[in-house]
Amino acid sequence: MHPLARWKLRAVKPYVPGKPIEEVARELGLKEPIEKLASNENALGPSPLAVEAVKKALGEMNLYPDDEAYYLKKKIAEKFGVDFDEVIVGNGSVEIVLMLGLGFVYPGESIVASQGSFIMYKIVANLIGADFIEPPLGEDWRIDLDVLYRAIRPDTKLVFISNPNNPTGTALWRDEVEEFMNRIGDDVIVVWDEAYYEFVDKDRFPDTLKYVRQGKNVVVLRTFSKIYGLAGLRLGYGFAPKKIVEVLRRVRLPFNVNRIAQIAAIAALDDEEHLRRSRELVLKGKLYLMKELQRLNIPYAHSETNFIFVEFPFDAGYIYESLLKRGIITRPLAGYNFPRALRITVGTEEQNRKLIKALEEILGDREKIWNISKTSEVEGSPESL
Ligand code: PMP
């Protein structure tokens with residue numbers, strides 16, 4: 001019998017999310033609180049204004065959502081100073097990544113994104129049968145825009161740049177982005193994926209919406225999943241010139257953003273207090289974690305996000321498992337080709353302290369780690385931790 005599934009799908013490895021709390025509790029039989037520092041969610045929870053708005057709207061669940069998401073898009077357009085027609089919303093920003101692939105790339109054409117970048121770009125390329133070109137990361141776990149530029153082929157339609165980059169947390173700054181944008185031609189679409197935009201140092205960060213307003217072939221992606229604390233509702237948004245939005249509208253499924261998510265997001269956009277508190281918690285937590293990681297001699301990448309990328313001199317599997325046993329879920333990055341690294345979300349003060357205490361205990365037994373890690377074929381000794 002001939003296989004029923006499209007054979008190209010063999011290249012698709014399903015996305016592996018951070019382990020859910022319920023799963024860890026079930027598998028390890030843990031009773032004590034489990035800290036999820038694996039998916040870069042907001043440790044403060046959702047915006048209280050959003051929670052209130054959602055409570056009021058629950059009784060209308062029988063009604064389809066507004067397919068156009070009119071009030072939400074209007075609010076986003078006003079807040080960010082773009083036209084209504086330049087806004088697109090999706091079931092998480094990942095849906096917009098897929099819509100871009102479906103709308104612009106034929107099978108056999110190519111998509112470019114840096115190695116060690118958000119894995120969904122690769123999954124979407126494989127899903128639609130496009131070639132995925134993956135030039136290496138630069139120094140200090142940063143995306144190298146020159147290398148990325150040189151990887152673009154005549155058949156490249158989309159270039160995805162996660163800025164700041166997930167999973168390394170590093171940012172590209174205004175001048176280098178400007179230089180890259182001056183070099184780039186009109187025959188590709190550059191997608192600036194700014195899921196962690198609200199956490200960055202704005203004095204140095206590029207204003208990519210400027211390129212949208214200029215009508216360049218640029219898409220800027222943002223999300224309500226991170227600082228707004230609405231990951232569970234699935235809502236991402238993006239900005240692009242009208243000609244690009246028009247194409248995306250054609251590949252969009254009806255009612256792709258649910259009713260509750262639209263209502264929550266409209267309220268959350270007004271919640272400056274929640275935004276400020278969330279940012280402060282992350283900045284303070286990050287300073288604490290960086291100081292402690294230095295003390296423990298654990299190398300990390302400079303983060304402009306709500307997570308920290310740490311890289312051990314040996315396979316991180318044992319550390320990941322040991323943290324899990326202590327009720328702390330982090331994100332292993334072997335699937336991103338970083339077998340020695342973990343990505344750790346900045347949590348509440350208490351969660352951060354618990355993490356450091358656990359790391360300290362685990363690393364205390366260096367001899368044991370070394371024996372376990374010796375088999376992992378990764379060079380480096382825990383002595384150099
Ligand atoms: N882009 C990047 C760079 C991300 O890190 C994430 C979340 N992991 C997303 C997009 C997806 O966010 P959303 O929840 O909006 O789909």
Side-chain angles (χ1 to χ4, degrees), residues 14-20 36-43 46 50 69 72 76 87-101 111 113-125 127 137 141-143 148 158-172 190-200 205 208 219-239 248 252-253 256-258 260-262 264-265 268-269 282 301 303-309 329-333 335-336 338 341-346:
Y15 181 78
V16 185
K19 247 182 181 318
K36 186 170 175 220
L37 302 178
S39 299
N40 309 334
E41 293 142 334
N42 187 334
L72 173 59
I76 292 173
V87 180
I88 179 98
V89 290
N91 195 259
S93 53
V94 284
E95 194 195 24
I96 309 178
V97 173
L98 174 62
M99 293 194 307
L100 284 161
I111 294 177
S114 184
Q115 235 172 43
S117 213
F118 188 40
I119 207 122
M120 278 310 295
Y121 314 143
K122 186 179 194 161
I123 292 180
V124 165
L127 212 53
L137 269 184
W141 300 287
R142 290 179 85 243
I143 291 173
L148 202 67
L158 296 172
V159 179
F160 283 101
I161 306 169
S162 167
N163 193 28
N165 187 40
N166 175 17
T168 62
T170 51
L172 296 164
V190 181
V191 185
W192 293 98
D193 184 349
E194 299 178 345
Y196 303 92
Y197 171 78
E198 295 81 3
F199 299 107
V200 299
F205 201 70
T208 46
V219 178
V220 177
L221 297 181
R222 306 262 173 91
T223 183
F224 284 94
S225 299
K226 305 301 168 187
I227 204 160
Y228 290 101
L230 301 180
L233 290 178
R234 310 302 300 125
L235 180 51
Y237 58 107
F239 305 96
L248 297 177
R252 180 176 75 80
L253 289 179
N256 62 326
V257 173
N258 75 71
I260 305 295
Q262 291 187 29
L269 281 168
V282 166
S303 164
E304 291 292 329
T305 60
N306 65 340
F307 60 84
I308 300 191
F309 172 98
I329 318 174
T330 58
R331 187 67 157 267
L333 297 173
Y336 280 77
F338 293 118
L342 293 179
R343 196 191 66 192
I344 304 173
T345 305
V346 180

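In each ligand, atom 1 is the first atom listed, and ligand 1 is the first ligand listed.
- Interface atoms of ligand 1 facing A195, defined by a heavy-atom separation under 4.0 Å, are 1 (N), 2 (C), 4 (C).
- Nearest to atom 6 (C) of ligand 1 among the protein's heavy atoms is F118 CZ, 3.6 Å.
- In summary, the side chains of S162 and D193 do not present any donor paired with an acceptor at a separation below 3.5 Å, with no hydrogens or angles considered.
- The shortest separation from a heavy atom of A231 to ligand 1 is not under 4.0 Å, leaving the residue out of contact.
- Considering backbone and side-chain atoms alike, Y121 places every N or O at 3.5 Å or more from each N or O of ligand 1.
- Looking at E194, its side chain never comes within 3.5 Å of a backbone N or O of P164 through a donor-acceptor pair.
- Near S162, with a cut-off below 4.0 Å to any heavy atom, the atoms of ligand 1 are 3 (C).
- Taking a cutoff of 4.0 Å between a charged side-chain nitrogen and a carboxylate oxygen, K36 and E41 qualify as a salt bridge.
- Listed by number with element, the atoms of ligand 1 under 4.0 Å from a non-hydrogen atom of S225 are 13 (P), 14 (O), 15 (O).
- The distance from ligand 1 to the heavy atoms of R234 drops below 4.0 Å at these ligand atoms: 13 (P), 14 (O), 16 (O).
- Of the listed residues (R222, K226, E41, M120), the one carrying the non-hydrogen atom nearest atom 8 (N) of ligand 1 is K226.
- Near N166, the atoms of ligand 1 lying under 4.0 angstrom from a non-hydrogen atom of the residue are 3 (C), 4 (C), 5 (O), 8 (N).
- Those atoms of ligand 1 with a heavy atom of G92 less than 4.0 angstrom away are 13 (P), 15 (O), 16 (O).
- Taking the six-membered ring where tryptophan is involved, the planes of F239 and Y237 are perpendicular, since the angle between them exceeds 60° and thus also 30°.
- At the shortest separation from atom 1 (N) of ligand 1 among protein heavy atoms lies D193 OD2, 2.6 Å.
- Between F160 and Y121, the angle of the ring planes stays under 30°, which puts this pair in the parallel group of the 30/60° scheme.
- Annotation: atom 12 (O) of ligand 1 to nearest protein heavy atom, S93 OG, 3.2 Å.
- Dense packing is recorded around NZ of K19, with more than 12 heavy atoms of other residues, nucleotides or ligands lying under 6.0 Å away.
- A cation-pi arrangement is not found for R343 relative to F309, the charged atom failing to lie both closer than 6.0 Å to the ring centre and inside a 45° cone about the ring normal.
- Y197 and N163 share no side-chain donor-acceptor pair at under 3.5 Å.
- Within the 4.0 Å heavy-atom criterion, the part of Y196 lying near ligand 1 is the side chain and not the backbone.
- One N or O on the side chain of N91 and one on the backbone of N256 form a donor-acceptor pair closer than 3.5 Å.
- At least one N/O-N/O distance between V94 and ligand 1 falls below 3.5 Å.
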